[in-house]
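Reviewing the structure listed below.
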Number of protein chains: 2
Amino acid sequence: MKMDSEHLEILSVIVEKGGLTEGAEALGKSQPSVSRSMALLEDRIGMPLFEPGRRPLRPTELGATLARLGARIRAANQEASLLVRRFRQGLAGRLRVGGSPIFMDGVVATMIAEFQSRHADVQIDQSYGYLDTLEAGLRNGGLDVAILPLHSSQVPPDMDFAPLLSGNNVIACRAGHPLTRARGITLADIAPFAWIAPPANSPLYRDLQRALKSIGQEDFRVNFSGGTLASIQSVLAGSDALTVLPYSVVFLSRRTVPLETLPLKIDHPDRQLGVLTMAERQGPPAVRQFNAFLQAECERLQARMDHEQQVTRRRG
Amino acid sequence: MKMDSEHLEILSVIVEKGGLTEGAEALGKSQPSVSRSMALLEDRIGMPLFEPGRRPLRPTELGATLARLGARIRAANQEASLLVRRFRQGLAGRLRVGGSPIFMDGVVATMIAEFQSRHADVQIDQSYGYLDTLEAGLRNGGLDVAILPLHSSQVPPDMDFAPLLSGNNVIACRAGHPLTRARGITLADIAPFAWIAPPANSPLYRDLQRALKSIGQEDFRVNFSGGTLASIQSVLAGSDALTVLPYSVVFLSRRTVPLETLPLKIDHPDRQLGVLTMAERQGPPAVRQFNAFLQAECERLQARMDHEQQVTRRRG
DNA sequence: CCATCTTCATAGCGAAAAGCGATATAATAT
DNA sequence: ATATTATATCGCTTTTCGCTATGAAGATGG
């Protein structure tokens with residue numbers, strides 16, 4: 001014998017408030033309405049919920065016990081309402097974000113921290129991957145957003161790509177590296193130094209190949225590879241090795257790691273770092289909030305980077 | 001924004017069963033019905049509960065979270081149904097029973113133990129009092145049943161009185177008391193012995209006065225008064241004092257306390273021990289169960305007492 | 001890649017319920 | 001006794017619920 005949860009909730013309010021009239025007011029309903037609801041409930045269970053013939057309506061033992069259960073139901077319901085409200089505002093939910101490792105670690109992670117502080121109940125699942133993996137993740141619903149460097153021609157037709165930052169790569173080295181003292185760097189200057197290579201299947205690795213080829217160095221010596229950004233930073237800072245990194249990563253890393261960029265023009269790929277999402281599915285509000293947040297943060301970052309480059313250019 | 005608890009319950013079943021069709025079946029409803037309920041819920045909260053365009057219907061993050069809350073609601077609802085069922089059968093509830101102290105302690109308490117073993121979840125609140133207190137208790141709803149000795153003329157018009165046992169009083173003494181050896185007891189025989197008196201305002205006290213008057217003894221010496229049955233039994237068993245008790249109390253007490261009754265005919269009041277209840281209000285099932293139980297137990301007790309008296313009479 | 005199967009959504013309709021205001025009735029207070 | 005307050009009932013409309021029938025859209029298997 002299933003009973004109406006709504007009725008139990010009404011009962012709990014009536015018992016709590018101590019009367020039909022007050023209960024009805026608290027519920028935002030008319031007194032006759034709740035009266036009839038209770039009459040219906042009493043009919044269904046076939047037992048009185050209130051002591052008969054008492055004017056300050058007093059619940060029977062059964063009524064009081066059911067009212068307690070009604071209160072439990074009401075609490076769950078209110079929690080549900082609250083949850084929905086927070087969800088709508090993007091303050092709750094789950095956000096599955098995947099992206100290329102270096103950029104995720106070097107740029108996005110710092111922004112996620114800030115995002116979390118404003119949207120405390122958004123759970124973020126971060127994962128790493130390159131275009132094919134991320135694309136599949138978006139398609140099968142395992143991923144809400146993907147963050148990676150992409151050229152507009154590579155964007156699948158059923159997806160949207162929102163650029164965040166220019167994809168400029170630079171050659172990075174430790175601060176105080178011998179090469180940073182040279183004025184005009186030549187191929188011969190960099191030839192002696194070993195290289196730190198990103199994972200062999202990463203776009204960044206291909207960028208490295210291409211960059212070196214563009215300045216005439218076909219062959220290069222790799223002394224470290226396969227590490228995530230944290231390892232790369234450590235090796236970079238502790239040796240005279242060189243590597244190729246997105247400028248944005250170097251820019252942000254310098255807050256904690258003493259790095260510099262070599263004033264060497266390399267051929268950087270015609271790509272932008274950006275956010276790839278499914279076109280139709282605009283996702284839960286938390287996703288939209290996150291995308292908007294990333295956009296804003298990256299704009300600020302881009303401005304700071306542009307400013308610094310002007311200063312550097314004036315000086316150098 | 002209040003949401004329909006019923007919808008949350010349906011959602012929880014659907015998520016649990018893994019599909020609309022199976023969920024509908026589990027709920028005993030048609031598939032279109034639950035489909036529409038979910039559509040309605042989605043409209044109200046303005047967000048999707050299920051991933052769009054997926055055939056083995058999969059809930060969104062929000063849907064899954066709400067489903068958990070729905071499961072909580074459903075559990076409370078089921079508990080309520082169970083409670084009602086138990087209540088209807090008189091297996092749960094609260095029973096407030098008041099009565100005259102001696103009879104409650106000596107007879108009713110032994111029966112309550114048996115009742116509790118069959119109706120485990122009936123909580124019994126016992127209290128003591130005489131006619132006026134008990135009547136008031138019944139009237140103001142503080143008491144479900146009252147158990148006391150009453151003459152039919154004393155029954156208030158708005159109440160019912162169900163007799164349980166004849167109200168015969170006897171003079172009780174310890175087993176092996178000097179008087180029990182005498183054949184025909186005279187006034188002179190009992191004159192030397194002191195009396196244990198029930199509380200001065202109790203009917204039993206008036207019975208004592210009346211009984212002694214009926215056998216010619218106007219004046220009597222009281223050496224113990226004011227105790228409950230347990231005390232009276234102890235004093236009785238440990239001294240040569242006499243007292244007046246309902247025969248049923250003496251009968252049952254003999255299982256644990258060595259008592260006898262004097263073969264002295266006393267004028268016993270024209271009353272019966274019985275159950276007084278409000279006429280209209282037939283109370284919750286637990287109350288009815290209890291009344292019926294008392295009735296049956298007392299009938300058995302009466303039969304045993306009648307049997308014993310025949311035996312005694314034949315022997316004596 | 002097409003046929004088919006399963007699963008879900010929609011339409012249409014009758015019954016039940018929930019909502020309201022007006023009003024009757026009953027219990028307490030004065 | 002009368003006034004007051006609290007609850008129950010009535011008549012009515014709107015919303016929701018339930019069903020059957022049917023359409024649409026993945027998933028499946030050749």
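Computed from a predicted structure; not experimentally measured. Sequence lines set the chain letters: A, B, ... in the order given, protein chains first and strands last, and positions in each chain run from 1.
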task = For A:Ser35, answer base if it contacts any base atom (sugar-phosphate contacts may also be present), sugar-phosphate if it contacts only those atoms, and nothing otherwise; contact means non-hydrogen atoms under 4.0 Å.
result = base
A:His7 atom NE2 is separated from C:dA16 atom P, nearest whole Å, by 15 Å
Atom CD of B:Glu51 and atom P of D:dA25 are separated, to the nearest Å, by 19 Å
From NZ of A:Lys29 across to P of D:dT15 the rounded distance in Å is 14 Å
Practice task
Spell out, as yes or no, whether a donor-acceptor pair under 3.5 Å connects the side chain of A:Gln154 to the backbone of A:His151.
Solution key: yes
| Between A:Glu9 and A:Arg74, is there a side-chain N and carboxylate O pair less than 4.0 Å apart? | no
Comparing nearest nucleotides in DNA chain C, the 5'-proximal residue of the pair A:Gln31, A:Ile10 is A:Ile10
Separation of D:dA27 atom C1' from B:Arg58 atom CZ, nearest Å, is 15 Å
Any side-chain N or O of A:Ser30 under 4.0 Å from OP1/OP2 of C:dG19? no
To the nearest angstrom, the CG-C1' distance between B:Leu57 and D:dA27 comes to 14 Å
Atom CG of A:Leu40 and atom C1' of D:dA8 are separated, to the nearest Å, by 14 Å
Winner on side-chain proximity to A:Pro32, out of C:dG21, D:dC17, D:dT20, is C:dG21
Test your reading of the model: is there a side-chain donor-acceptor pair from A:Gln289 to the backbone of A:Gln89, 3.5 Å cut-off?
yes
Residue set satisfying side chain to side chain contact (heavy atoms under 4.5 Å, CB included) with B:Glu25, at least two apart, ordered chain then number -> none
Shortest non-hydrogen pair, A:Ile73 vs B:Asn77, comes out as CD1-N, 4.2 Å
Of the candidates D:dC19, D:dT7, C:dC20, the side chain of A:Arg36 sits closest to C:dC20
Here the distance between atom C1' of C:dA27 and atom CZ of A:Phe50, to the nearest Å, is 16 Å
To the nearest angstrom, the CE-P distance between B:Met38 and D:dG18 comes to 11 Å
_Considering every strand and a 4.0 Å limit on heavy-atom distances, what is the contact class for A:Arg44: base, sugar-phosphate, or nothing?_
sugar-phosphate
